[in-house]
Amino acid sequence: MHTKTDLRELSYAEAIREAMDIAMAQDERVILMGEDIGVYGGAFGVTGDLIEKYGMDRVMDTPISELGGAGVAVGAAMTGLRPIFEFQFSDFATLGMEQIVNQAAKIRYMLGGAVSVPVVMRFPSGSGTGAAAQHSQSLEAWTAHVPGLKVVQPATPADAKGLLLAALEDPDPVMIYEHKILYKMKGHVPEGHYTTPIGKAAVMREGKDLTIVATAIMVHKALDAAETLATEGIDAEVIDLRTIRPMDRDTVLASVRKTGRLVCVYEAVKTLGVGAEVSAMVAESDAFDYLDAPIIRLGGAECPIPYNPELEKAVVPQVPDILEAARNLAKGRI
Amino acid sequence: MHTKTDLRELSYAEAIREAMDIAMAQDERVILMGEDIGVYGGAFGVTGDLIEKYGMDRVMDTPISELGGAGVAVGAAMTGLRPIFEFQFSDFATLGMEQIVNQAAKIRYMLGGAVSVPVVMRFPSGSGTGAAAQHSQSLEAWTAHVPGLKVVQPATPADAKGLLLAALEDPDPVMIYEHKILYKMKGHVPEGHYTTPIGKAAVMREGKDLTIVATAIMVHKALDAAETLATEGIDAEVIDLRTIRPMDRDTVLASVRKTGRLVCVYEAVKTLGVGAEVSAMVAESDAFDYLDAPIIRLGGAECPIPYNPELEKAVVPQVPDILEAARNLAKGRI
Amino acid sequence: MGRTFSVRDTVTPNNTPYAIARYSADELKEALKKMYLIRKFEEGAEDSYMRGLIHGTMHLSIGQEASAVGSCMSLSDEDKITSTHRGHGHCVAKGADLSRMFAEFFGKESGYCKGRGGSMHIADPSKGNLGANGIVGGGLPIAVGAALSAKRLGTGAVTVCFFGDGANNEGAFHEALNMAKVWNLPVVFVCENNKYGMSTSTERSTAVKNIADRAVAYAMPGVTVDGNDFSAVAEAVDAAVERARKGEGPSLVENVTYRWRGHSKSDRNRYRTKEEIAEWQSRDPIAAMAKLLTDHKIASEDEIAGIEADATRIIEEAIAFATEGANPKIEEVTRDVYTQEIAS
Amino acid sequence: MGRTFSVRDTVTPNNTPYAIARYSADELKEALKKMYLIRKFEEGAEDSYMRGLIHGTMHLSIGQEASAVGSCMSLSDEDKITSTHRGHGHCVAKGADLSRMFAEFFGKESGYCKGRGGSMHIADPSKGNLGANGIVGGGLPIAVGAALSAKRLGTGAVTVCFFGDGANNEGAFHEALNMAKVWNLPVVFVCENNKYGMSTSTERSTAVKNIADRAVAYAMPGVTVDGNDFSAVAEAVDAAVERARKGEGPSLVENVTYRWRGHSKSDRNRYRTKEEIAEWQSRDPIAAMAKLLTDHKIASEDEIAGIEADATRIIEEAIAFATEGANPKIEEVTRDVYTQEIAS
Ligand SMILES: Cc1ncc(C[n+]2csc(CCOP(=O)(O)OP(=O)(O)O)c2C)c(N)n1
Ligand SMILES: Cc1ncc(C[n+]2csc(CCOP(=O)(O)OP(=O)(O)O)c2C)c(N)n1
Ligand SMILES: [Mg+2]
Ligand SMILES: [Mg+2]
């Protein structure tokens with residue numbers, strides 16, 4: 001985290017756990033489902049000891065059955081419960097897409113509004129753990145392509161908590177992509193119940209020379225880069241997109257109108273990743289007229305995530321990549 | 001089809017069938033797998049009577065097991081067969097994403113190049129049949145986001161045949177999105193074996209005032225619109241993208257450099273559909289400097305496909321939408 | 001089709017069929033009426049389709065009425081069902097209003113899904129019908145979820161999950177039955193085995209002879225019954241519902257039946273013989289039910305004719321209602337994508 | 001763990017264990033050596049991890065060596081296997097080169113996957129090993145596909161598909177076994193039941209007691225054996241391989257075993273007791289195999305010590321090879337995404 005204060009700090013994982021704890025204490029209908037979220041505490045320790053407080057009936061270890069598990073969560077959500085379903089790794093959600101996309105996302109519409117499906121799903125995503133191609137993907141663009149779903153990507157502990165609590169209050173299915181590498185990152189997290197609005201981006205740093213729109217872990221890399229750029233006289237505005245469906249058009253466009261330059265940074269494969277939508281959204285808006293330079297995207301390489309740690313780093317954007325892109329973009333501006 | 005000649009015409013479905021027939025006659029390793037592709041001839045009649053010619057061993061009805069079926073095709077492709085796997089509707093491929101994305105797309109890379117996975121998968125896609133939200137999706141953007149796959153979307157009978165034959169010669173997994181409404185559309189199809197190159201777009205109509213990049217059925221709507229625009233003095237270039245992974249950057253950029261105006265038309269949900277990538281690709285390229293107007297996207301509404309026929313039409317781009325967009329774009333140009 | 005549940009309370013003296021012993025005359029006549037309603041709804045639907053009044057496709061369950069109605073006999077409106085693409089029968093059996101069903105079929109705003117869902121998605125949550133499903137096997141995990149809610153919230157509700165023989169080869173079947181048993185949930189899996197998944201016979205798609213044999217793999221009771229015999233269906237499903245209600249967990253019931261029509265409107269019936277179809281038509285579940293009622297003096301021939309006439313009238317009214325109904329407004333097409341409209 | 005296959009040719013006179021009757025002394029000593037290699041490979045891997053030489057995670061199969069080696073006894077290089085995240089043992093059993101395995105572990109260009117795959121994806125197609133798989137259940141349909149190829153191309157090859165008890169609850173298991181039987185393919189499903197899928201015991205995840213009981217649902221033979229008893233494993237799997245080879249279709253073999261280590265490096269072993277671990281450690285499959293060979297005078301204690309020393313040396317050499325190997329070049333990171341490089 002970039003804002004060090006003497007306020008209470010929690011890790012991103014702790015913040016998520018606290019949100020679940022608050023929700024479960026308040027509302028009997030909230031249950032947790034997932035693989036090894038009970039005594040094991042979750043593959044990334046996110047559920048931790050919640051089973052001790054709420055018991056096996058509310059912190060349910062599922063069999064290794066992602067499709068069925070997701071579907072049970074959907075059915076439970078239609079009939080009175082508020083399940084939070086954890087995919088152990090977001091990669092395994094490829095097994096559950098049927099229930100997510102054909103059922104959770106569409107049931108309300110197909111049924112003419114007769115029911116809502118208030119299910120929350122959590123997807124630990126991203127690379128950086130040396131777990132190779134089948135355990136490191138960032139597939140949030142898939143669900144962000146699907147009407148009926150809401151999709152968020154918290155970048156800070158405070159938002160991880162606030163967005164999860166907002167998701168639980170939302171009557172519709174909310175998909176939460178959490179970055180595994182952020183789980184241990186600390187930051188200030190307010191006590192008690194609060195929500196971070198779904199659908200609102202956050203301006204993390206104001207600047208006038210160029211706009212960096214980033215998601216998840218890239219928000220922190222962008223902020224790092226912005227500090228360095230500042231020393232070079234380049235004043236970057238950094239926006240944490242936070243919600244990728246529905247996207248916060250207004251915040252992004254306002255920034256681009258101000259700076260005239262845009263770079264989008266995201267870890268997912270570049271082609272058809274979230275930055276493609278940010279770019280296209282700007283390019284078709286009135287903000288187009290304010291653009292002084294091409295819209296740059298920094299996304300993951302067109303490549304599965306490799307195992308070797310140096311290769312693994314090479315396939316996702318790093319701070320030097322952002323610096324280079326920003327410097328090129330700023331040329332002629334300052 | 002828009003080019004009427006006295007050459008041999010086949011429907012899009014017949015062209016696909018002919019491609020499969022040619023391949024099966026030439027190569028014993030080619031087999032067909034899918035639900036009800038045998039005596040039933042396929043839900044859309046694409047396989048037709050091939051079972052009579054090649055028997056049940058090569059035209060294999062699978063149980064209703066999309067995940068397993070796709071995985072069997074992957075395993076067979078790794079070990080000497082050349083399977084063509086048909087998802088009965090592309091919507092059901094949501095059940096097979098694990099095998100497509102974690103296995104087919106990544107096995108070669110994860111194994112350091114030790115094997116290839118020459119599997120071909122066919123996805124009947126799109127709306128217009130009154131089959132509602134779970135039978136009408138256009139999810140090609142999902143696989144186009146995944147390195148290791150190649151993804152094509154033929155718009156004409158000739159390309160449907162040529163791209164399928166190219167896919168069978170390709171050592172890597174090729175995903176073919178076929179539009180259901182095109183199955184009955186007729187057009188000239190050359191006899192015998194030929195291939196349409198994967199990775200190459202087709203300029204369907206040359207023009208100088210604006211570029212329309214379209215996919216699948218939208219190519220035909222774009223061509224219709226272009227005829228009308230011509231009568232209004234607007235000279236539209238129409239590009240059929242044909243392959244969406246890898247995208248034909250050169251053809252699109254060359255056109256935009258010439259016309260300075262771009263509209264992308266696709267049926268999939270607008271947000272994060274293929275047009276987002278086309279737009280972003282142009283906006284970050286040197287063609288940006290040639291742009292005289294915002295890049296317009298016409299995509300599907302942010303909505304599942306509804307059942308009622310009027311609603312169903314309303315949620316995907318139609319010729320009048322293209323005309324309106326093109327006219328707005330061309331304003332001031334001509 | 002021999003095996004039955006070991007656990008069953010109702011004793012049927014003197015070989016009286018279960019249904020006769022268990023249900024009142026009114027209940028039985030109501031059941032017969034529902035069977036007629038299903039038949040006539042679908043005949044009407046087919047006719048509307050032929051006359052070009054409907055687009056899309058439809059999956060008719062004509063010939064399977066005993067399975068739908070028999071399986072819902074002991075369910076209240078609090079109990080849930082999940083249904084399939086071939087779901088009109090389940091919908092009627094669970095108490096749906098025929099007019100709103102037809103209106104949905106016609107894509108009208110007055111339909112159950114406001115014209116957004118159509119034949120394949122008709123639902124009536126107010127009656128416990130969580131909806132038909134266009135995805136084969138899609139309803140199986142959802143049913144388990146509904147049963148989980150019932151158990152956790154202590155509602156006492158049971159969920160009946162309908163699915164076809166074809167669906168039994170989906171991974172979702174396996175995962176759902178396993179979880180239902182592991183968590184001991186109040187759900188009854190009712191497989192309507194009409195011998196084909198589209199064109200593919202169970203012999204060519206399914207490694208076991210009886211689908212109920214798969215219950216062993218989930219350590220739950222499994223039984224195969226004559227799905228055209230209303231009483232046999234009710235007997236098996238009622239026993240399973242009772243087990244579920246008592247907290248004894250899930251069961252699998254296989255109703256062996258047959259669809260008289262093709263799979264959908266595009267079916268050329270190449271995969272089965274005319275003889276096979278004729279043979280099954282000679283075992284009409286509605287005729288059998290009518291005979292059951294007359295044999296046991298529950299209803300006279302006249303009363304039965306009256307029930308049928310009632311059903312005919314209701315369907316006529318339903319078609320009239322549907323025909324008159326307004327189309328949805330195009331500007332409202334994105335309503336109900338989200339519960340609270342979002343700007344986009 | 002009583003039931004065995006009814007179909008078996010080899011007769012074992014005087015209660016001689018199957019393996020002793022069936023395999024030559026050289027074959028048996030080679031098998032023991034492979035078991036040592038697995039153990040020492042994994043101990044070396046663990047050690048390298050502790051010393052920070054390796055990133056990522058790993059899944060060790062220490063304690064399960066008899067299952068891996070016993071299951072591959074009657075396979076040739078033409079025969080295929082599919083493996084799991086816990087796949088080092090299968091890899092060694094199928095004849096992999098230890099140096100290239102270690103090099104992969106270290107992420108080197110000289111590794112089996114050129115450093116792209118790591119522990120979870122080691123494969124050696126040249127030996128018929130189609131690869132470990134990071135997706136639980138991911139290999140099951142792939143194995144069926146390999147068996148389909150063998151049948152269609154008439155290669156006579158059999159595929160052995162390894163998977164865990166946890167994987168048996170994936171839909172992929174159900175779909176794969178069903179298709180294998182429907183098409184009568186030469187595949188043997190070998191479930192390594194080590195009692196837990198990560199932290200979740202089979203009691204809490206799986207509705208049946210023995211996973212092999214699920215074979216009934218696919219009308220294929222199913223047998224549960226002591227997976228720490230090399231001979232019992234070889235006996236069951238060989239019989240199944242023979243059935244497959246003869247065209248008699250698929251089988252399911254369940255090797256009951258135990259992993260001594262945690263699930264992966266992040267496991268705190270909260271879900272099982274020290275006593276349970278100790279009890280299983282007292283049933284070391286390698287010690288049992290050594291005893292089998294000495295009891296039956298196949299090898300002396302000295303010879304066994306020599307085999308173990310050989311294995312130790314091979315592992316040391318492998319680590320040296322891996323340590324010296326070059327890292328992949330960063331500019332080549334996108335090589336092998338496609339067979340023919342594409343411009344992008
Ligand atoms: C996941 C999925 N796969 C395939 C289909 C296409 N499809 C619709 S119904 C059907 C046959 C289903 O057979 P069965 O479950 O026996 O039900 P029946 O139609 O016989 O009532 C198929 C293949 C589908 N809708 N969903
Ligand atoms: C589809 C999928 N779900 C979950 C996981 C995470 N995971 C890896 S191994 C494992 C346990 C597997 O248990 P089992 O099949 O019994 O194999 P074992 O680890 O005991 O050898 C889990 C849950 C995964 N890799 N893939
Ligand atoms: Mg059927
Ligand atoms: Mg296990």
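Hydrogens, waters and symmetry mates are skipped; everything else that's a heavy atom, side chains included, is used. A note on names: the letters A, B, ... follow the listed sequences, proteins ahead of strands, and every chain is numbered from 1.
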Any chance you could lay out the side-chain contact (heavy atoms from CB on, under 4.5 Å) test for A:Asp57 and C:Lys151, step after step, and finish with the verdict?
-> CA-CA 10 Å; A:Asp57 285 352; C:Lys151 184 170 176 174; over 6 Å; no
Proximal component of C:Ala176, with respect to chain A [non-hydrogen, under 4.5 Å] | neither
Taking A:Ile64, A:Leu149, A:Asp170 one by one, which has the highest count of heavy-atom pairs under 4.5 Å against chain C?
-> A:Leu149
First locate atom CZ of C:Arg116, then atom CG of A:Leu111, and finally report the distance between them rounded to the nearest 0.5 Å.
-> 12.5 Å
Please look at A:Ala73 and chain C and tell me whether the side chain, the backbone, both or neither of the residue comes under 4.5 angstrom of a heavy atom of that chain.
-> neither
More than 12 non-hydrogen atoms from neighbouring residues, nucleotides or ligands closer than 6.0 Å to CD on A:Gln26, yes or no?
-> yes
Would you check if C:Leu148 and A:Met60 make a side-chain contact, meaning some heavy-atom pair closer than 4.5 Å?
-> yes
Which atoms of A:Arg82 approach chain C - backbone, side chain, both or neither, heavy atom under 4.5 Å = neither
What is the minimum heavy-atom distance between A:Leu81 and C:Ser149, and which atoms define it?
-> CG-OG, 3.4 Å
Note: A:Val72 and C:Met179 closest approach over all heavy atoms is CG2-CE, 3.8 Å
Tell me, out of A:Leu95, A:Val117, A:Thr79, who's got the most heavy-atom pairs with chain C below 4.5 Å.
-> A:Thr79
For A:Asn102, is it the side chain, the backbone, both, or neither that has a heavy atom closer than 4.5 Å to a heavy atom of chain C?
-> side chain
Measuring from C:Phe173:CZ to A:Leu67:CG, what's the distance to the nearest 0.5 Å?
-> 14.0 Å
Tell me, for A:Asp250 versus chain C, whether the close heavy atoms (under 4.5 Å) come from the side chain, the backbone, both or neither.
-> neither
For C:Asp124, is it the side chain, the backbone, both, or neither that has a heavy atom closer than 4.5 Å to a heavy atom of chain A?
-> neither
Side-chain contact, heavy-atom cut-off 4.5 Å: C:Arg152 with A:Arg58?
-> yes
Proximity breakdown for C:Gln340 and chain A, heavy-atom pairs closer than 4.5 Å = both
What residue, out of A:Glu98, A:Glu66, A:Lys106, has the most heavy-atom pairs lying under 4.5 Å from chain C?
-> A:Glu98
If every non-hydrogen atom of C:Asp336 is compared with every non-hydrogen atom of A:Gly112, which pair is closest and at what distance?
-> OD2-O, 3.3 Å
OG1 on C:Thr339 to CZ on A:Arg108, rounded to 0.5 Å | 3.5 Å
Please flag which part of C:Val187 lies under 4.5 Å from any non-hydrogen atom of chain A: side chain, backbone, both or neither.
-> neither
Looking only at C:Ala123, C:Gly131, C:Gly138, most heavy-atom pairs under 4.5 Å shared with chain A are made by C:Gly138
What's the verdict on side-chain contact (heavy atoms from CB on, under 4.5 Å) for C:Ile142 and A:Gln99, showing C-alpha distance, side-chain angles and the deciding distance?
-> CA-CA 9 Å; C:Ile142 294 176; A:Gln99 284 290 333; 3.6 Å; yes
So, does C:Tyr338 use its side chain to make a donor-acceptor pair with the main chain of A:Gly148 at under 3.5 Å?
-> yes
